[in-house]
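So that the names make sense, note that chain A is the first sequence line, chain B the second, and so on, each numbered from 1.
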2 protein chains.
Amino acid sequence: MTATTPDQDQDNLAYDVFAKACPSRTTLEHVTGRWGGLTLGALFEGTLRFNELRRRVDGVSEKMLSQTLHALERDGLVHRAAQPTNPPRVDYDLTPLGRQVAERLLALIHCVEGSMDDVLAARARYDETRGAL
Amino acid sequence: MTATTPDQDQDNLAYDVFAKACPSRTTLEHVTGRWGGLTLGALFEGTLRFNELRRRVDGVSEKMLSQTLHALERDGLVHRAAQPTNPPRVDYDLTPLGRQVAERLLALIHCVEGSMDDVLAARARYDETRGAL
DNA sequence: CGGGATCCAATTTGATACTG
DNA sequence: CAGTATCAAATTGGATCCCG
């Protein structure tokens, strides 16, 4: 491979989230957004139907779930299987790509959950010293 | 250490992001929020000053950066070192905890960046089939 | 049941201006 | 330089109604 591709040396910077206009930024936002992350997390455990998902992701509205699901489906992270029965039944599950992403996301989530004691302690300290000043 | 702490067996579910009222949810939002993630990512590479950070995180406003930084500092992920010089100089860097979290976050970011070709392809497919319907 | 469309309220965000 | 304060605009979020 000659030097035709500038940024291929070590970091694969074809897409850079730090750049305002990069599409990776919007995808990252779908993934890490308020509901995107929880949705992926829920689906990581297995296939779910719309209302199951809604119950699992505590606090999400129909609209937001629907919207989130569309974005994730469009990005190829979630697969939607609609069955033409009556009443209708639609199953959602992760694509292989979605599974990869969700894995990293869950690692992050668990890391945060596991550090909450430290976080809470830090908050208490911050609030104290700030009030004492 | 005796069995005084109930949830230490395997999953450490003392904090559950899926629960609406759990503090871990707010911390996760600070971390994965629009600017939190990019800020942590930028600081992972090294100490930065306020305006350096602002330049690095393309598109962030003063206000949002300031707000983001406060939240992350309060959560104990970012350390703020202000020097009483003139002009003032303030250095930001990650705490050990922040480093742990940022590592997972970057794994996620790189995973997404590395999958963008697939994502873009999926989007094109989605938009097509949708327009054709 | 699974959602789309709509309307409205609440939040978030971003310029801009100002301070130490 | 490193922020805070303020205000208006953009976005998000939710409740509701409706349809297949």
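- Rounded to an integer number of Å, the gap from CD of A/Glu62 to P of D/dT16 is 11 Å.
- Distances shown here put a side-chain N or O of B/His70 below 4.0 Å from the OP1 or OP2 atom of D/dT4.
- A salt bridge links B/Asp91 with B/Arg89: the closest approach of a Lys/Arg side-chain nitrogen to an acidic carboxylate oxygen falls below 4.0 angstrom.
- At least one side-chain heavy atom of A/Trp35 sits under 4.5 Å from a side-chain heavy atom of A/Val60.
- The CG atom of A/Asp58 sits 15 Å away from the C1' atom of D/dG14 (whole-angstrom rounding).
- In this structure, A/Lys63 and A/Leu69 both approach DNA chain C, and ranking their closest nucleotides by distance from the 5' end singles out A/Leu69.
- Side chains of A/Arg123 and B/Thr26: a donor-acceptor N/O pair is present below 3.5 angstrom, by distance only.
- Look at CZ on B/Phe50: it is 6 Å from P on D/dG3, rounded to the nearest Å.
- Nearest-nucleotide positions on DNA chain C place A/Glu52 closer to the 5' end than the other of B/Gly59 and A/Glu52.
- Among the nucleotides D/dG13, C/dT13, D/dG20, the one closest to the side chain of B/Met64 is C/dT13.
- At a non-hydrogen distance threshold of 4.0 Å, B/Arg34, B/Trp35 from residues 17-47 of chain B come into contact with DNA chain C.
- By the 4.0 Å N-to-carboxylate-O rule, A/Asp127 lies close enough to B/Arg74 to be salt-bridged with it.
- A donor-acceptor pair under 3.5 Å is formed between the side chain of B/Thr95 and the backbone N or O of B/Gly76.
- Across all strands, B/Arg80 comes closer than 4.0 Å only to sugar-phosphate atoms, never to a base (heavy-atom distances).
- Both the sub-6.0 Å distance and the 45° axial angle are satisfied by B/Arg56 relative to the ring of A/Phe18.
- For the pair B/Glu73 CD and D/dG3 P, the computed distance is 9 Å after rounding to whole Å.
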